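To start, the structure itself, in structure tokens.
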2 protein chains.
Amino acid sequence: MWMPGDRLPSRAQLAQECGVTDGVVRRAQEALIAQGVLEGRAGSGTYVAQRRERVRITRSPRRERADGSPFAADVAEAGMRGTWESRTDGMVPAPPGIAARLGIAEGDYCVRTTYEFLADDKPVQISTSWEPYDITAGSLVMLPEAGPLAGKGVVRRMADIGITVTRAVERPEPGHANAEEAHLLGIQRGSLVTRIQRTYYSDDGRPVETADIVVPAGLGEIVYEVPVSP
Amino acid sequence: MWMPGDRLPSRAQLAQECGVTDGVVRRAQEALIAQGVLEGRAGSGTYVAQRRERVRITRSPRRERADGSPFAADVAEAGMRGTWESRTDGMVPAPPGIAARLGIAEGDYCVRTTYEFLADDKPVQISTSWEPYDITAGSLVMLPEAGPLAGKGVVRRMADIGITVTRAVERPEPGHANAEEAHLLGIQRGSLVTRIQRTYYSDDGRPVETADIVVPAGLGEIVYEVPVSP
DNA sequence: TCGAATTTGTGCGTATGTATC
DNA sequence: GGATACATACGCACAAATTCG
């Protein structure tokens with residue numbers, strides 16, 4: 001009957017047709033919006049949500065070893081084109097939580113980079129990455145998204161300055177999208193998201209990068225592949 | 001002022017004190033309940049939630065290789081005592097989603113086991129495990145929680161019948177606790193949870209077990225350790 | 001360009017159901 | 001069984017955003 005992209009009749013109209021108040025219609029729509037079936041646009045109307053294919057985001061030893069960007073590989077497997085926009089701030093004092101994760105003192109300088117990852121030009125995930133300033137200071141890879149190794153990923157960049165990254169630790173947490181995240185990701189405020197705290201460690205056990213990653217449940221499917229050694 | 005376990009004044013009382021209606025108090029309490037700060041008990045009152053330590057649930061090649069129960073190891077690291085209750089149904093027809101994950105036909109028989117995992121006798125996670133009936137039929141390890149290898153984990157049990165498990169694939173998804181999950185886990189309905197679809201594969205690529213695991217955000221901290229091979 | 005009409009979003013208040021003591 | 005307290009559903013008013021003449 002209604003197709004993706006169609007606009008539904010207004011709440012007042014639906015309420016009159018069904019013989020209920022507009023409050024009932026609103027709550028019914030809210031439930032469907034939370035499930036991702038409908039999409040509300042303030043001042044405009046309520047629409048049938050576009051069906052978007054979820055991008056499978058894979059974490060495995062194999063994927064980490066790959067040479068290019070892990071995200072680009074994920075999107076390519078879905079037959080789409082992966083791109084991203086980024087902004088780097090060179091010397092930002094570490095907030096408490098980040099400092100603890102990086103094993104540095106609060107206020108120590110970091111290189112902070114914010115990302116917005118796109119699949120076929122539509123946002124799929126956002127992230128904020130932090131690296132201790134003193135690790136990359138003065139090297140060609142200090143700015144993650146500039147220079148010859150731009151977009152090659154943390155592992156490859158660190159290797160270039162003689163640091164061997166041996167493991168990543170990821171901590172996924174469920175949550176709801178706040179207003180800013182909803183705006184950046186083009187989703188509804190309050191939608192289900194997974195927030196991942198990821199930290200890369202070098203072979204001597206030192207944290208060399210940590211990131212906060214936000215993946216909306218409706219846009220990404222997170223897959224961890226854990227090998228079982230005999 | 002108020003300590004964990006204390007009962008707050010009733011909504012009507014708080015409403016009168018603050019000069020608002022009880023609806024306002026209710027919504028304020030709902031927000032705090034969602035954050036796990038308060039706990040509402042129908043017919044009884046609203047209480048300050050007990051502070052519960054989160055159990056770190058680790059997934060890594062090292063942990064999978066361990067001989068005992070992975071859960072027991074997780075809980076032991078937190079200095080607590082890990083136990084579990086289980087119930088096994090011997091011949092259950094596979095529902096569509098499970099059949100797809102196990103690579104069998106819909107309706108093929110499975111061994112289904114439901115678990116409730118406890119740390120110091122308090123629930124931490126629940127799960128439902130499915131194994132194709134024909135894999136373990138007639139062997140000593142057909143019932144996961146009976147016999148000599150009870151509680152030793154899927155990898156060890158499969159090894160006993162000559163099946164080498166080489167990898168686990170986990171897919172964590174954010175969600176809200178339904179009424180049944182909330183009851184089993186002793187949490188509030190609608191609380192944030194992570195639902196994990198886990199599947200174990202043998203060396204020939206065949207799925208040998210799949211499980212739906214529910215971890216409340218307030219009770220468990222899920223950690224994936226991904227090695228980065230050079 | 002601006003303002004009025006329309007539509008969704010947010011907050012509040014009330015009534016009823018249900019569990020507990 | 002009655003009183004009390006939380007849970008759920010409903011209705012209403014206003015604010016914010018959008019649209020369009």
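Reckoned from all heavy atoms, side chains included, excluding hydrogens, waters and symmetry mates. Within every chain, numbering begins at 1; the chains are lettered A, B, ... in the order of the sequence lines, protein sequences first and strands thereafter. These numbers come from a predicted model, not from an experiment.
Partner Arg157(A) forms a salt bridge (Lys or Arg N to Asp or Glu O under 4.0 Å) with one of Glu131(A), Glu209(A), Glu145(A) and no other, that one being Glu131(A).
Atom CZ of Arg7(B) and atom P of dA5(D) are 6 Å apart (whole Å). Atom pair Leu8(A):CG and dG9(C):P shows a separation of 12 Å (rounding to whole Å applied). We find that CD of Gln29(A) is positioned 12 Å from P of dT7(C), with the value rounded to whole Å. Residue Arg27(B) contributes atom CZ, which lies 17 Å from atom P of dG9(C) at whole-angstrom precision. In this structure, Leu14(B) atom CG and dT4(D) atom C1' are separated by 15 Å, rounded to whole Å. One atom, CD of Gln188(B), and another, P of dC6(D), lie 12 Å apart when rounded to the nearest Å.
For Met91(A), the CE atom counts as densely surrounded, since its 6.0 Å shell holds more than 12 non-hydrogen atoms of other residues, nucleotides or ligands. Residue-environment remark: CD (Glu180(B)) stays at or below the threshold of 12 foreign heavy atoms within 6.0 Å. For Arg7(A), the CZ atom is densely surrounded, since the number of other residues' heavy atoms within 6.0 Å is greater than 12.
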Table of protein N/O atoms under 3.5 Å from nucleotides 13-19 of chain D N/O atoms:
| residue | atom | partner | partner atom | Å |
| --- | --- | --- | --- | --- |
| dT18(D) | O4' | Ala42(A) | O | 3.4 |

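Contact between the side-chain N/O atoms of Arg189(A) and the OP1/OP2 oxygens of dT10(C) is found at a separation under 4.0 Å. Considering only side-chain N and O atoms, Thr21(A) lies nowhere under 4.0 angstrom from the phosphate OP1 or OP2 of dC10(D). Side-chain nitrogen and oxygen atoms of Thr46(A) include at least one within less than 4.0 Å of the OP1 or OP2 phosphate oxygen of dT8(C).
Within the nucleic acid shown, Gly45(B) comes within 4.0 Å of sugar-phosphate atoms alone, with no base atom in reach, counting heavy atoms only.
For Glu30(A), the side-chain atoms get nearest to dT10(C) when compared with the rest of dT10(C), dA5(D), dG9(C).
At a threshold of 4.0 Å, the pair Arg101(B)-Asp212(B) counts as salt-bridged, since one of the basic side-chain nitrogens sits closer than that to a carboxylate oxygen. Between Arg195(B) and Glu181(B), at least one side-chain nitrogen of the basic residue sits less than 4.0 Å from a carboxylate oxygen of the acidic one, meeting the salt-bridge criterion.
Between atom OG1 of residue Thr194(A) and atom CD of residue Glu173(B) there is a gap of 6.5 Å, rounded to the nearest 0.5 Å.
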